[in-house]
Amino acid sequence: MQDKTPLLVVKNLRTSFFTSAGEVKAVNDVSYHVDEEEVVAIVGESGCGKSVTQMSVLQLVQTPPGKILGGEVFYKGKDLLKYGQKSKEIRAIRGAEISMIFQEPMTSLNPVFTIGQQLSQVIRVHKHVSRKEAWAEGVEALRKVGIPEPEARMKNYPFEMSGGMRQRVMIAIAIACNSSLIIADEPTTALDVTTQAQVMELLMSIVKGLKKAMIVVTHNLGLVTRYADRIYVMYAGKIIESGTTEEIMKHPMHPYTIGLLKSVPNLSDEKGKALVPIEGAPPIVINLPDRCAFCPRCPYATEDCMNASMPGLRPVDVGQKHLVACHLDMRGSR
Amino acid sequence: MNLSNVKKRFKVFFNRGVLSVISFVVLLSFILIAIIAPLITKYSPYEQNVSNKYAASSAEHPFGTDKLGRDILTRLAYGARISLLASLLSSLVAAVIGLVLGLIAGFFKGFISQLIMRIADAELSIPPLVLTLVLSLLFGDGVFGVVMVIGISLVPTYIRLVFGLVLSQKKNDYVLAAKLIGQSNRKIILKHILPNCFPSLIVLFTMNLGTAMMLEASMSYLGIGIVPPTPTWGGMVSESYEVLILHPMQAILPGLCIMLVVVAFNILGDGLRDALDPRLRGKL
Amino acid sequence: MLGYIVKRLGISLIIIFIVTVFSFSIIHILPGDPARIALGEEADQAAVDALRAEMNLDKPITTQYVLWIKGILHGDFGMSIVEHRPVSRIISERLPKTISLGVPALILSVSLGLLSGIISAIKRGKFVDQILTICTTLAVGMPEFWLGVFGIFLFGLKLHLLPIQGYTAPSADFTQFVRRAIMPVVCLAIHLIASINRHTRANLLEVINQDYVRTARANGIPERTVILQHSLKNALIPVITMIALQVRVVLGGSVIVEQVFNITGIGLLLKTAVGNRDYLIIQGCVLILSMITVGCNFVVDLLYGVVDPKIRESWR
Amino acid sequence: MKNNTLLEVNDLKMHFPIFKGAFGMKAGVVKAVDGVSFSVREGETFGLVGESGCGKTTVGRSILRIYKPTAGTVIYNGEDITSYTEKEMSKYRREMQMIFQDPYSSLDPRQSVGSIVREAITTDKNCKLSLSEVDAKVDELLQLVELDASMKDRYPHEMSGGQRQRLGIARALACNPKLIVCDEPVSALDVSIQAQIINLFIRLQKKLGLTYVFVAHDLAVVRHISDRIAVMYLGNVVEITEATELYDNPLHPYTKALLSAVPVTDYDVEKKRERITLQGEVPSPINAPSGCPFHPRCIYATEECKQKKPELAQHGDNHFVACHIIK
């Protein structure tokens, strides 16, 4: 078995928002990597910092109030954080090497420009081709994402399209410049169930067909089970568990991951099975004490958990790639 | 001191908070001056002394005297009374009328609502000073006349604001929820819709104080509404026009007063808007 | 498209109708007999009655209104009771002066306001923005008449750079027109420049936070294009509304500015007419001025379609 | 005792006209709901599930008579309330309540928690409680929805999404309702909070004998809470059956596709599941297709499906399907 090379390596990334209430440590020392041709999921609830992490990779965080405080983002061996926020180098990466797909298809496209104008503009910025060629490439991209009558659709405005169609346009923009990595930030959350399936199948066929890598940011555990190769679970700005999808879905080791899985209603559950919710609400990450952030909601938390400082990621078993940030050994206690 | 240092201090000094505080202090001092005008000066604003006209600045007359020998400081202080009172009362008149009409237009559909909105549009199609000129024929001179004239010409701004607010609130589920628990329409307006209009209303009210002040000054400058010898800032600028080359300060001082107060009202309104209803940014 | 135009036109006509009712009734509620005012206190009753009959004042008020409107539709606004000349002729003499100052004022304020607003937004929080913010804040509070008086004092009386009063038609002597128009135009434009600047800045900053701007950045579009193309077009939509609403402020300002610079335009005409109770002139001026405003708003409504494809869609 | 029918909806139609052009001419109708029938028994949870635009919310709101239906009848408690005026409705107004999707816009931002609940209690014309009794009732209701009594003086913006939704429930309960229409009550909430609210709904039903009409797009949530489920597509009910039966034995092609589109978190089960991806998009309800509304996307569609609209027909115990293919 040939070892895959990492495409993106994020090391000790820290991003904070400076608000009147204090420093929000949205991304607090996060490290992860994505190999070539791999689908990685970042899972967490709203406010856990999963989106900000991805925005930081491309330096798209609004400054102020946000600020990337430190860390390294190696993409194909180059540290992206060394480039300035508005530099030519980072712009050449955005959209051409790493593409992003956002959650809200309704607002993510500019309402006063046609699909064709927006699509061909991106192509022209990165490929230095003529207007006509860019337009033709745009039509081709729309065809690839399964939009019927792409020539006519190029002249449509976003508001003339359905949510699913707009998300396809976003995907078309993402693949138009042949980027190696697609970051999809909650790509299907705003869509209907069957449209969600359509869009995800399309994304997967593109990623597999064109041998791209993808990061899916989502809160939907089912989606992750179906599509991801590896999973990172985030809570309060930190990664608290990581491993292959099979390991995490079958043998979750962090009390938060366990709780999350027990609290989500599942179609395959037998009728009458009670949901076990996680009590309380996710914390607002301002001035959190240096201890496990899940402690106050954790049903297994001990006195030691309350007093000990923030646990680091450690292998569940020696030598394993399944990592967990918990003081407790949850093996067999579920 | 190098340039960047100067720029930095400049920035700190003129940030929102400091500016708001300054305008608040400016306003408070003008209000105070208006209230205690008789204590500030021993003269009456009408007291003429022709033998001492166009006096230079002195201990007796800090800002000198005008063409009839009246003390300029005294007239400025009494002018503050008239200007502040007129703008406050006219804004109140406008707010009350506009609020009621706006609520009616917003809550009830159909002909009444259309009529109110079209009348507001018609009023907004007449240039403001033209409107006040014509209305002043109807209401006559004096403070009451000016208050009514300016008040009525400001009404459409409130109608439009309240109308928009009511429409957007009616879409909110809490209005439906109130209906479902059996609340009557009248109660829904009074208990739910009205209180939610207040933040935006306060913002508009503060900003309209400046507009009203400006209109009053312009009217006084034209010699309609509040007429001489009653002291007004606009009127003082007008009176000093003929001696501009010799005594420019007589025109500049009252104008400065108008500008200070109007700017203060606007900054305060901006601050209130950002604090109470940031959605109005770019609209008011 | 046609449906949309017809609808906007209908609304405009309703507004103008309300304005005619308003200006007509205001004048007729007022105490005092216009015929008496025209002939003076000493005139005998028979002459007054004769004039009343001639001016249709003896007829019922609705008939008077209908006759007045009928006349207007034929271009007849009646006779001025002070000048004894047709109102339409007086207005057509005066209006070009007001417009020849108003149009440059509008152009000046839109161009300067937009430009400075964009600069403010791009350089938000920087030194340039701070300076512009202070200037516009002061400008909003500056009374037009005071700025005019101040300008006359400084540029006219002290520096002798510009003539202090009067008006020359651009067709008669263009250089003289420009020299005389500079100060009035600036006075007319000052408030509008400031408010367009504020609105453009606020709306641009609002738009810059939108999702589609983030998408543009995420796709590597250069920052200049992001702001000048993606953001500006969206930010312009509310600014256009605001400019349409402010046309009337410029027209209103002409009353003041014409008084300050002694320009015999429509503003000064109206002011004099109000003093004289020359009611047909008042009615005519109010009507003409509000028709100009309504007309501008109508054009702006159509302009919307150029900027906002959603509106264009609804035209079909 | 789940035999008394509390609510019956017969051939309900709700068409919204669209106006266009200069003179507000009627340009067409949106057939939001086009002939829906079902009945809800006292004490049960009836799930209405479907994708956006299928008309499920409109059905919910028509039951509460927020809209006046275009055609069909709504029978509540044996009484036809379809054409009741606002005044006639007032006797049932408080018996039928609603829980909203958006916990932000459904609470008046200027009202404190206590005042929101108090208003719902005192609006009752027959309310003869003294001030202190009302206060006691407020505390009781807050306790019922597991909100701390100390929250009474807080304002909605100081609360989390889950707490707001609890408050919305408390407001509805203050009216002593029999029937509650829950319109997507958990879809705006975080995953870990959803379970708390779902459990609360179940507990309250057991305690107070409530009847729910549970409108949602999330099949897993609906299946978890409902006794019976109606699947809606483009203004029509395509399948009605018991919750377990729906998952174990879905019959309508649309239901099958809908179920397969929802991934499950059970790794082994998920990897073995059959995936049906529907082609095309939901047609606009303005010019809905003739015949079976699902036929343009259905792989089994025949000529009959294009011509004739299928009626709900019984296929097994308590299992009704509207499809020509299933025989």
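Numbers restart at 1 for each chain; the letters A, B, ... are given by sequence-line order, proteins then strands.
The greatest number of non-hydrogen atom pairs below 4.5 Å with chain D, out of A:Ile278, A:Asp192, A:Val276, A:Val193, is found for A:Asp192. Chain A forms more heavy-atom pairs under 4.5 Å with one residue of D:Val221, D:Leu258, D:Asp266, D:Val262 than with any other, namely D:Val262.
Counting heavy-atom neighbours within 6.0 Å of A:Asp317 CG, excluding the residue itself, gives a total above 12. By the neighbour-count criterion of 12 heavy atoms within 6.0 Å, atom CD of A:Gln320 is densely surrounded, having more than that number from other residues, nucleotides or ligands. Annotation for A:Glu149: atom CD does not count as buried by contact number, only 12 or fewer foreign heavy atoms lying within 6.0 Å. Around CD1 of A:Ile286, the count of heavy atoms belonging to other residues, nucleotides or ligands within 6.0 Å exceeds 12.
For A:Pro282, the part sitting under 4.5 Å from any heavy atom of chain D is the side chain, from C-beta outward, and nothing else. Both the backbone and the side chain of D:Tyr267 come within contact range of chain A, judged by heavy atoms closer than 4.5 Å. Proximity to chain D is absent for every atom of A:Met200, based on heavy atoms less than 4.5 angstrom apart. Interface remark: A:Glu201 contributes side-chain atoms only to the contact with chain D (heavy atom separation under 4.5 Å).
Inspection of non-hydrogen atoms places A:Thr245, A:Glu246 of residues 232-247 of chain A under 4.5 Å from chain D. Using a 4.5 Å heavy-atom cut-off against chain D, the contacting residues of residues 219-228 of chain A are A:His219, A:Leu221, A:Gly222, A:Leu223, A:Thr225, A:Arg226, A:Tyr227. Among residues 271-284 of chain D, the residues having any heavy atom closer than 4.5 Å to a heavy atom of chain A are, in sequence order, D:Lys271, D:Arg273, D:Arg275, D:Thr277, D:Leu278, D:Gln279, D:Gly280, D:Glu281.
Legend: residues meeting ring pair (Phe, Tyr, Trp, His ring centres under 6.0 Å) with D:Phe46, ordered by chain and number and at least two apart, are D:Phe38.
When each of D:Leu219, D:Ile198, D:Val222 is tested with A:Pro265 by the rule side-chain contact (heavy atoms from CB on, under 4.5 Å), just one qualifies, namely D:Ile198.
Considering every non-hydrogen atom in both A:Gly280 and D:Gln196, the closest pair reads O-NE2, 3.1 Å.
Using modelled atom types, one side-chain atom of D:Asp190 and one backbone atom of A:Ser46 make a donor-acceptor pair closer than 3.5 Å.
By the 4.5 Å heavy-atom criterion applied to side chains, A:Pro277 and D:Ile193 are not counted as neighbours.
Atoms CG and CE, on D:Asp268 and A:Met249 in that order, are 12.5 Å from each other to the nearest 0.5 Å. Atom OG1 of A:Thr195 sits about 5.0 Å away from atom CD of D:Glu51, to the nearest 0.5 Å. Residue A:Asn266 holds its CG atom at 3.5 Å from OG1 of D:Thr265, rounded to the nearest 0.5 Å.
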